[in-house]
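Step one of this worksheet: look at the structure below.
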Protein chains: 2
Amino acid sequence: MPKNPPRPPGPPPRPRPALDEVDRLLVAELLRDGRAPNTALARAAGIAESTCLARVRALRERGIVTGVSAEVDLARLGLPVQAMVAVRFSGHLRADVDAFAEEVSALPGVVATYNISGANDFLVHVAAPSPEHLRDFVLDNLTGRPGVVQAETSLVFHVRRGTDVLST
Amino acid sequence: MPKNPPRPPGPPPRPRPALDEVDRLLVAELLRDGRAPNTALARAAGIAESTCLARVRALRERGIVTGVSAEVDLARLGLPVQAMVAVRFSGHLRADVDAFAEEVSALPGVVATYNISGANDFLVHVAAPSPEHLRDFVLDNLTGRPGVVQAETSLVFHVRRGTDVLST
DNA sequence: TATGAAAGCTACTATAG
DNA sequence: CTATAGTAGCTTTCATA
């Protein structure tokens with residue numbers, strides 16, 4: 001087994017070679033349409049279908065594309081009330097913080113949890129069938145939880161996904 | 001052409017028949033895996049493939065499933081810094097609010113915008129290559145915008161998607 | 001790695017029960 | 001809603017460069 005050559009001083013090498021133009025294009029395309037067939041992706045990227053398939057598979061294996069998910073209209077699914085609940089902790093023990101994120105994310109109605117810096121420790125994005133359900137959710141699952149000092153609820157009127165995240 | 005029978009008094013009819021168990025199961029499955037093949041969906045729902053195909057198509061046509069998108073690891077795409085920026089408006093003219101959401105959502109690096117109630121009017125979820133880029137983004141695109149009074153940035157340490165949104 | 005071609009699946013339509 | 005069968009289009013493998 002050949003030994004790795006000694007490394008020159010300077011910035012550490014990237015374990016993964018950086019994404020090239022083609023990879024970025026494929027990711028952008030998959031963000032736009034997660035069901036885009038391999039043939040369409042290959043055409044868009046100007047590469048052979050077999051190559052394209054290998055690229056996309058590599059993107060998944062490298063953890064760059066972590067999954068594909070349907071986007072749904074929560075209101076039409078019977079959850080017309082959305083809220084962002086800002087939650088403040090007292091102790092900030094790592095175990096508490098981790099447990100909170102994990103347990104809350106598994107609760108029915110939770111769209112996502114954001115662990116953030118600042119006065120509040122978490123934003124919990126929730127969807128509910130009615131204001132009453134929302135209130136019950138917050139009182140039963142957030143306010144009452146050990147370590148939680150405060151929970152401030154803001155209604156979400158409208159969510160709009162970014163259309164061009166990657167171009168930075 | 002037969003006339004519709006007179007309607008009994010009571011709650012108005014739903015223009016769309018409410019989703020049944022099967023529809024909910026299909027949506028849940030598509031949230032889990034947006035690329036699930038029709039055969040798998042049919043098996044999971046215990047219905048014929050032709051029926052399943054029609055159901056899924058109907059879900060799209062009714063605007064319940066609005067699209068399918070890849071989920072990506074922004075850090076591995078070169079955007080390791082995420083933030084939630086709380087933006088406060090002055091005038092609250094509808095035109096300003098709408099324009100803000102639309103324009104900001106199209107900016108590179110913007111993951112999503114949330115129009116909310118409360119002291120702040122918007123949460124802008126941003127991803128950036130570095131803290132400096134983030135700072136520039138906020139100053140150039142948010143703070144400087146007409147109508148914006150304040151922009152308070154919180155770093156996002158970790159995002160976790162809900163695993164069971166629909167069970168409510 | 002990238003490729004073209006061949007083989008096997010899958011989606012979708014149509015038809016009939 | 002289910003079942004079946006047929007076609008077009010898609011995914012995937014593999015030999016090859």
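All figures in this text were calculated on a predicted structure; none of them were measured in a lab. Scope of the values below: all heavy atoms of this structure, side chains included, with no hydrogens, waters or symmetry mates. Just so we're on the same page: letters track the sequence lines, and every chain starts at 1.
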### Query
Is the distance between the ring centroids of His125(B) and Tyr114(A) under 6.0 Å?
yes
One would report the end-axis bend of the helix from dT1(C)-dA17(D) to dG17(C)-dC1(D), five pairs per end and rounded to 10 degrees, as 30°
Margin query: With a 4.0 Å limit, can you tell me whether Arg57(A) has a side-chain N or O closer than that to the phosphate oxygens OP1/OP2 of dT1(C)?
Written below: no
Sorted by chain and number, sequence neighbours left out, ring-ring contact (aromatic ring centres under 6.0 Å, His included) with Phe122(B) holds for Phe89(B), Phe100(B)
At under 4.0 Å between heavy atoms, what does Asn38(B) touch on the DNA or RNA strands: base, sugar-phosphate, or nothing? sugar-phosphate
Taken to the nearest whole Å, CG/Leu41(B) to C1'/dC1(D) is 17 Å
Taken to the nearest whole Å, CG/Leu53(A) to P/dG8(C) is 18 Å
Of dT11(D), dC1(D), dA11(C), the nucleotide closest to the side chain of Pro37(A) is dT11(D)
Ile47(A) atom CD1 is separated from dT3(C) atom P, nearest whole Å, by 7 Å
Walking DNA chain D from its 5' end, the first of Arg35(B) and Gly46(B) to be reached, judged by nearest nucleotide, is Gly46(B)
**OP:** Report yes or no: does Arg35(B) contribute a side-chain atom to a donor-acceptor pair with the main-chain N or O of Gly34(A) at less than 3.5 Å?
**Re:** yes
Separation of dT2(D) atom C1' from Arg55(B) atom CZ, nearest Å, is 13 Å
Atom CZ of Arg43(A) and atom C1' of dT11(D) are separated, to the nearest Å, by 14 Å
Of the listed dA11(C), dA3(D), dA2(C), the closest approach to the Ser50(B) side chain comes from dA3(D)
Of Ala36(B) and Ala48(A), the one whose nearest nucleotide on DNA chain C sits closer to the 5' end is Ala48(A)
- May I ask you to say whether Glu152(A) pairs ionically with Arg88(A), meaning some side-chain N is under 4.0 Å from a carboxylate O? no
Margin query: Do Asp121(B) and Ile116(B) make a side-chain contact, defined as non-hydrogen atoms from C-beta onward lying under 4.5 Å apart?
Written below: no
- Using a cut-off of 4.0 Å on non-hydrogen atoms, how would the nucleic acid contact of Glu49(A) be classed: base, sugar-phosphate, or nothing? base
Under a 3.5 Å distance rule, please check whether Arg24(A) uses its side chain to pair with a backbone N or O of Leu77(B) as donor and acceptor. yes
inquiry  = For a quick test of reading the model: is some side-chain N or O of Thr39(B) closer than 4.0 Å to OP1 or OP2 of dT10(C)?
reply    = no
In whole angstroms, the gap separating P of dT1(C) from CG of Leu59(A) amounts to 13 Å
task = Would you kindly say whether Thr113(B) and Ser105(B) are connected by a side-chain donor-acceptor distance under 3.5 Å?
result = yes
